[in-house]
Amino acid sequence: VQLVECGGGLVQTGGSLRLSCEVSGIRLIFAAWGWFRQAPGKQRELVATITPTSDTTYLDSLKGRFTIARDNAKNTVMLQMNNLKPEDTGVYYCNTARQNMAWGQGTQVTVSS
């Protein structure tokens with residue numbers, strides 16, 4: 001199984017980014033998936049999850065700004081991030097909601113003030 005995240009970058013406060021996670025080696029449809037992030041000096045935290053039936057959950061502080069989605073045909077999980085804030089800075093990763101796959105390299109998101 002391989003997880004490849006992309007789409008990160010440097011944006012100003014209020015900007016938007018769309019992250020993608022290409023999953024290979026396992027069919028996306030067989031699991032709930034999540035996006036996680038790790039800010040500098042902090043532990044990795046769960047940002048959002050999406051079930052096989054596309055039910056979603058979000059970190060309370062992110063509701064209304066982030067949207068997780070899945071494309072089963074492309075075996076890809078996406079995270080649309082709007083109205084970004086400096087505290088959203090970190091490395092973003094995808095994994096199953098149970099975190100039972102090897103982690104990918106992540107994608108760096110930096111939000112400048």
Side-chain angles (χ1 to χ4, degrees):
V1 177
Q2 189 174 17
L3 309 174
V4 179
E5 301 92 347
C6 66
L10 172 64
V11 295
Q12 293 183 333
T13 297
S16 298
L17 286 172
R18 183 177 176 83
L19 308 183
S20 292
C21 173
E22 184 174 339
V23 179
S24 58
I26 184 174
R27 291 281 305 278
L28 201 71
I29 196 169
F30 292 129
W33 291 86
W35 278 96
F36 305 79
R37 69 184 180 188
Q38 187 166 19
K42 296 186 178 180
Q43 290 189 334
R44 187 150 40 200
E45 64 177 350
L46 176 63
V47 169
T49 64
I50 185 166
T51 69
T53 53
S54 294
D55 294 320
T56 58
T57 63
Y58 298 92
L59 193 64
D60 281 347
S61 61
L62 302 178
K63 288 180 180 178
R65 297 195 297 121
F66 287 17
T67 303
I68 189 172
R70 60 194 295 156
D71 186 332
N72 292 331
K74 294 182 179 180
N75 234 41
T76 300
V77 186
M78 293 78 72
L79 185 69
Q80 177 67 42
M81 307 187 296
N82 298 326
N83 192 20
L84 283 161
K85 303 177 180 181
E87 52 263 41
D88 296 319
T89 293
V91 181
Y92 284 69
Y93 303 87
C94 70
N95 207 320
T96 64
R98 294 184 178 183
Q99 305 177 53
N100 55 0
M101 302 295 170
W103 294 95
Q105 82 288 351
T107 186
Q108 176 71 47
V109 171
T110 304
V111 185
S112 63
S113 57

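Below, all heavy atoms of this structure are taken into account, side chains as well, without hydrogens, waters or symmetry copies. On a predicted model such as this, the values are computed, not experimentally measured, just so you know.
Looking at every heavy atom in both residues, A32 comes nearest to T51 through CB-CA, 4.0 Å. Of all heavy-atom pairs between A31 and P52, the closest is O-CG, 3.6 Å. What you find for R18 and M78 is that their closest heavy atoms are NH2-CG, 3.7 Å.
For CD1 of I29, the number of neighbouring non-hydrogen atoms (other residues, nucleotides, ligands) closer than 6.0 Å is 12 at most. Residue E87 places its CD atom among more than 12 non-hydrogen atoms of other residues, nucleotides or ligands, all under 6.0 Å distant.
Expressed to the nearest 0.5 Å, how far CD of Q80 lies from OG of S20 amounts to 9.5 Å. To the nearest 0.5 Å, atoms CZ (R44) and CH2 (W103) are separated by 4.0 Å. Note that CH2 of W33 is 6.0 Å distant from OG1 of T96, once rounded to the nearest 0.5 Å. Taken from CG in L19 to OG1 in T76, the straight-line distance is 12.5 Å, to the nearest 0.5 Å. Separation of atoms CG (L3) and CE (M101) is listed at 7.5 Å; rounding is to 0.5 Å. Note that NZ of K85 and OG of S61 are 8.0 Å apart. Values are rounded to the nearest 0.5 Å.
The shortest distance between side-chain heavy atoms of L46 and L59 does not fall below 4.5 Å. Side-chain contact between V11 and S16 is absent, with no heavy atoms from C-beta onward closer than 4.5 Å.
A single hydrophobic cluster is seen to contain both V1 and I50, as judged by linkage of ILVMFWY side chains at heavy-atom distances under 4.5 Å, directly or through other members. Both V111 and Y92 are part of a single hydrophobic cluster, where members link through side-chain heavy atoms under 4.5 Å apart.
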### Message
Could you walk me through whether N82 and T67 satisfy the side-chain contact (heavy atoms from CB on, under 4.5 Å) test, starting with their C-alpha distance in whole Å, then the side-chain angles of each, then the deciding distance to 0.1 Å, before giving a yes or no?
### Response
CA-CA 9 Å; N82 298 326; T67 303; 5.6 Å; no

### Query
Stepwise, does the side-chain contact (heavy atoms from CB on, under 4.5 Å) test hold for R37 with L79?
CA-CA 12 Å; R37 69 184 180 188; L79 185 69; over 6 Å; no

#### Entry: Evaluation steps, side-chain hydrogen bond (donor to acceptor under 3.5 Å, both in side chains), between T57 and T49
CA-CA 5 Å; T57 63; T49 64; 2.3 Å; yes

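Aromatic pair F66/W35: ring centres not closer than 6.0 Å.
The SG atoms of C21 and C6 are placed at least 2.5 angstrom from each other.
When each of V91, L17, T89 is tested with V109 by the rule side chain to side chain contact (heavy atoms under 4.5 Å, CB included), just one qualifies, namely L17.
No donor-acceptor distance shorter than 3.5 angstrom exists from the side chain of N75 to the backbone of E22, with no hydrogens or angles considered. A distance-only check finds a donor-acceptor pair linking the side chain of Y58 to the backbone of I68 [under 3.5 Å]. No donor-acceptor distance shorter than 3.5 angstrom exists from the side chain of R27 to the backbone of N72, with no hydrogens or angles considered. A donor-acceptor pair under 3.5 Å links the side-chain atoms of Q105 to the main chain of E5, judged by distance alone.
Using modelled atom types, one finds a donor on one side chain and an acceptor on the other under 3.5 Å when comparing Q108 with T110.
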